[in-house]
Amino acid sequence: MTAATTTRIDTAAPAHRADLVGRGLAALASLATAVAFVNGALLTINASDDRLFIEGWRVSSFGIFAALFALLALRPRQTAGVWEIVLAGKAALVVFGALIGDVPEARLSAIIDFGLVAVVAAAYVLCRGWLAWRPVTTNPSR
């Protein structure tokens, strides 16, 4: 008789402390991005006509990411795909910022986004964000 080996993906909820720390990191990312939103809004008010649209677009992106990070902090295992979308979006900005070289704002933005990627990746692991992909079970008695 041979022993069968099985590969098991951990589907257990995270430890309470890890969950709190991960949610705190997601909340921190939301707060930091909300500060960038306010700063961007102030910059948009004073933007020249040729920069007005791009500044407005950037501010709206800050608002969207702040909301997504808040959603992750509130519901880390009920938001299938959101973790991965924000990580991919921020990682893409880091790569793009590194590739375009010495362009005004690019280097600082890439460094800030790299920090966000690290914080959100840590929160993803601590909260076990991949559990959001579990099939939802319904209770027919409800």
Side-chain angles (χ1 to χ4, degrees), residues 3-142:
T5 60
T6 60
T7 303
R8 185 173 84 86
I9 297 173
D10 197 358
T11 59
H16 181 68
R17 184 176 303 237
D19 188 53
L20 286 178
V21 171
R23 287 172 183 250
L25 289 173
L28 176 66
S30 179
L31 180 63
T33 308
V35 169
F37 174 83
V38 171
N39 183 56
L42 296 173
L43 291 173
T44 301
I45 290 169
N46 297 319
S48 61
D49 288 345
D50 63 328
R51 298 260 322 152
L52 193 57
F53 180 80
I54 196 67
E55 293 297 336
W57 177 81
R58 185 164 68 166
V59 168
S60 70
S61 295
F62 287 146
I64 290 167
F65 271 96
L68 289 172
F69 292 141
L71 181 64
L72 293 174
L74 294 171
R75 300 175 53 104
R77 287 169 300 283
Q78 290 85 31
T79 52
V82 177
W83 286 107
E84 294 82 2
I85 289 168
V86 298
L87 283 168
K90 288 298 176 183
L93 288 173
V94 171
V95 170
F96 185 63
L99 290 177
I100 62 174
D102 195 20
V103 174
E105 301 177 12
R107 187 168 293 159
L108 178 60
S109 293
I111 290 168
I112 291 169
D113 282 327
F114 180 78
L116 275 173
V117 168
V119 166
V120 174
Y124 179 75
V125 171
L126 289 166
C127 289
R128 296 188 180 192
W130 60 87
L131 295 179
W133 291 98
R134 289 179 301 185
V136 176
T137 59
T138 58
N139 183 352
S141 65
R142 290 180 122 187

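Keep in mind that the numbers below use all heavy atoms, side chains included, and drop hydrogens, waters and symmetry copies.
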Would you check if [X] and [Y] make a side-chain contact, meaning some heavy-atom pair closer than 4.5 Å?
| X | Y | result |
| --- | --- | --- |
| F65 | L116 | no |
| R75 | V82 | no |
| D19 | H16 | no |

Search all heavy atoms of [X] against all heavy atoms of [Y] and return the closest pair with its distance.
| X | Y | answer |
| --- | --- | --- |
| G22 | A123 | O-CB, 3.3 Å |
| A27 | A73 | N-CB, 3.7 Å |
| R77 | R128 | CG-O, 3.6 Å |
| V94 | A110 | CG2-O, 3.7 Å |
| L87 | A121 | CD2-N, 3.7 Å |
| V119 | A29 | CG1-CB, 4.5 Å |

Measure the spacing between [atom1] of [X] and [atom2] of [Y] and express it to the nearest 0.5 Å.
| X | Y | atom1 | atom2 | value |
| --- | --- | --- | --- | --- |
| E55 | L42 | CD | CG | 11.5 Å |
| I112 | L93 | CD1 | CG | 11.5 Å |
| S30 | L25 | OG | CG | 12.5 Å |
| I64 | F69 | CD1 | CZ | 12.0 Å |
| L68 | K90 | CG | NZ | 10.0 Å |
| R23 | L74 | CZ | CG | 7.5 Å |

Practice task
May I ask you to check whether over 12 heavy atoms, not counting those of F62, lie within 6.0 Å of atom CZ?
Solution key: yes

Between the main-chain N or O of [Y] and the side-chain N or O of [X], is there a donor-acceptor pair closer than 3.5 Å?
| X | Y | value |
| --- | --- | --- |
| R134 | L131 | yes |
| S60 | W57 | yes |
| W83 | P76 | yes |

